[in-house]
Amino acid sequence: MQTFYERVWGLMKRIPCGRVTTYKELAKALGSKAYRAVGNACHNNPHAPVVPCHRVVNSNGCIGGFASGTKKKIRMLRQEGVQVQNGKIVGFEKVLFKFR
DNA sequence: TATTTGACCAAGA
DNA sequence: ATCTTGGCCAAAT
């Protein structure tokens with residue numbers, strides 16, 4: 001039996017490069033409204049590189065938080081082709097990945 | 001078992 | 001536009 005966190009990490013792994021998703025979408029994909037628990041899963045993410053937690057942002061298109069510093073998160077996103085300006089995603093709707 | 005704590009969200013004032 | 005409030009859920013304490 002997996003914990004909720006493990007399910008979250010499993011989903012995050014399928015986020016493609018150059019795309020981002022939101023805590024809300026992740027929770028919805030799990031059939032739950034545990035946005036906050038998803039955030040906790042990232043903060044306590046023990047699978048550093050395997051799980052791309054930097055591709056998860058707030059539902060309003062803002063970067064949100066990052067344990068190693070928001071600045072770093074932004075840099076990684078830009079490196080993958082996601083434009084970020086003033087702490088917000090540029091063309092948010094275009095790069096947003098939903099777990100259809 | 002009960003309370004607290006978040007990398008959250010949406011609606012109101 | 002900013003601030004407050006209530007809701008939401010899993011894990012840790």
Side-chain angles (χ1 to χ4, degrees):
Chain A
M1 183 55 183
Q2 291 182 98
T3 66
F4 183 85
Y5 284 10
E6 292 183 62
R7 276 180 283 177
V8 173
W9 297 324
L11 272 183
M12 284 198 287
K13 274 190 289 192
R14 17 189 296 209
I15 306 173
C17 276
R19 291 297 190 85
V20 295
T21 193
T22 68
Y23 298 97
K24 187 173 163 188
E25 284 299 326
L26 279 164
K28 199 162 60 174
L30 292 173
S32 172
K33 303 170 191 170
Y35 331 110
R36 311 190 72 149
V38 173
N40 288 343
C42 292
H43 190 214
N44 293 296
N45 170 21
H47 314 273
V50 271
V51 175
C53 41
H54 57 275
R55 295 183 191 148
V56 186
V57 298
N58 294 18
S59 59
N60 62 339
C62 291
I63 287 302
F66 198 58
S68 311
T70 312
K71 208 64 182 163
K72 200 111 180 194
K73 182 171 181 178
I74 294 176
R75 198 155 52 233
M76 284 191 284
L77 285 174
R78 294 190 64 119
Q79 190 176 342
E80 295 187 347
V82 180
Q83 301 174 306
V84 181
Q85 252 174 52
N86 199 19
K88 299 153 210 136
I89 303 287
V90 179
F92 179 52
E93 304 232 353
K94 303 181 194 301
V95 297
L96 179 58
F97 176 75
K98 299 173 186 176
F99 302 87
R100 315 224 170 189

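Only heavy atoms go into these numbers, but all of them, side chains included; no hydrogens, no water, no symmetry mates. Per chain, numbering begins at 1; letters A, B, ... match sequence-line order.
Closest approach of A:F66 and A:C53 over heavy atoms only: CE1-SG, 4.3 Å. Closest heavy-atom contact between A:L11 and A:A29: CD1-CB, 3.6 Å. Across all non-hydrogen atoms, the minimal contact from A:C62 to A:K88 is SG-CG, 3.7 Å.
Put simply, the side chain of A:V56 does not reach to within 4.5 Å of the side chain of A:T22, judged on heavy atoms.
Following rounding to the nearest Å, A:H43 (NE2) and B:dG6 (P) show an atom-to-atom distance of 8 Å. As a whole-Å value, the separation of A:I63 CD1 from B:dA7 P is 16 Å. Going from atom CD1 of A:I74 over to atom P of B:dA7 covers 17 Å, rounded to whole Å. The distance between atom CG of A:N40 and atom P of C:dC8, rounded to the nearest whole Å, is 17 Å. Separating the CD atom of A:E6 from the P atom of C:dA10 is a distance of 15 Å, rounded to the nearest angstrom. Following rounding to the nearest Å, A:K28 (NZ) and C:dC9 (P) show an atom-to-atom distance of 15 Å.
Base engagement by A:F66 is indicated by at least one non-hydrogen atom pair under 4.0 Å involving a base atom. Using a 4.0 Å heavy-atom cutoff across all strands shown, A:A34 reaches sugar-phosphate atoms only and no base atom.
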Taking only distance into account, with no hydrogens and no angle test, what donor-acceptor pairs under 3.5 Å do side-chain atoms of residues 90-100 of chain A form with protein atoms, sequence neighbours excluded?
none

Tabulate below the donor-acceptor pairs under 3.5 Å that side-chain atoms of residues 74-84 of chain A make, not counting sequence neighbours, or state none.
from	atom 1	to	atom 2	distance (Å)
A:R78	NH1	A:V84	O	3.1
A:E80	OE1	A:R55	NE	2.7
A:E80	OE1	A:R55	NH2	3.4
A:E80	OE2	A:H54	NE2	3.1
A:E80	OE2	A:R55	NE	3.4
A:E80	OE2	A:R55	NH2	2.8

For residues 30-50 of chain A, which side-chain N or O atoms pair as donor and acceptor with protein atoms under 3.5 Å away, sequence neighbours left out?
from	atom 1	to	atom 2	distance (Å)
A:S32	OG	A:A34	N	3.2
A:N44	ND2	A:N40	O	3.0
A:N45	OD1	A:H47	N	2.8

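Between A:S32 and the phosphate of C:dC8, there is no side-chain N or O to OP1/OP2 separation shorter than 4.0 Å.
Considering CG of A:N60 and NZ of A:K24, their distance stands at 10.5 Å, rounded to 0.5 Å. Taking CG of A:L26 as the start and CD1 of A:I15 as the end, the distance is 5.5 Å to the nearest 0.5 Å.
Non-hydrogen atoms lying under 4.0 Å from DNA chain B are contributed by nothing in residues 9-17 of chain A.
Nucleotides C:dG6 and B:dA7 are separated by 22 Å at their P atoms, to the nearest Å.
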Reading 5' to 3' through nucleotides 8-13 of chain B, protein heavy-atom contacts under 4.0 Å coded B for base, S for sugar-phosphate only, - for none: BSS---
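Sequence order on DNA chain C of the closest nucleotides to A:F4 and A:K33 puts A:K33 first from the 5' end.
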Protein-nucleotides 3-5 of chain C N/O pairs under 3.5 Å:
none

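At a threshold of 4.5 Å between side-chain heavy atoms, the hydrophobic network of Ile, Leu, Val, Met, Phe, Trp and Tyr places A:V20 and A:M12 in two separate groups.
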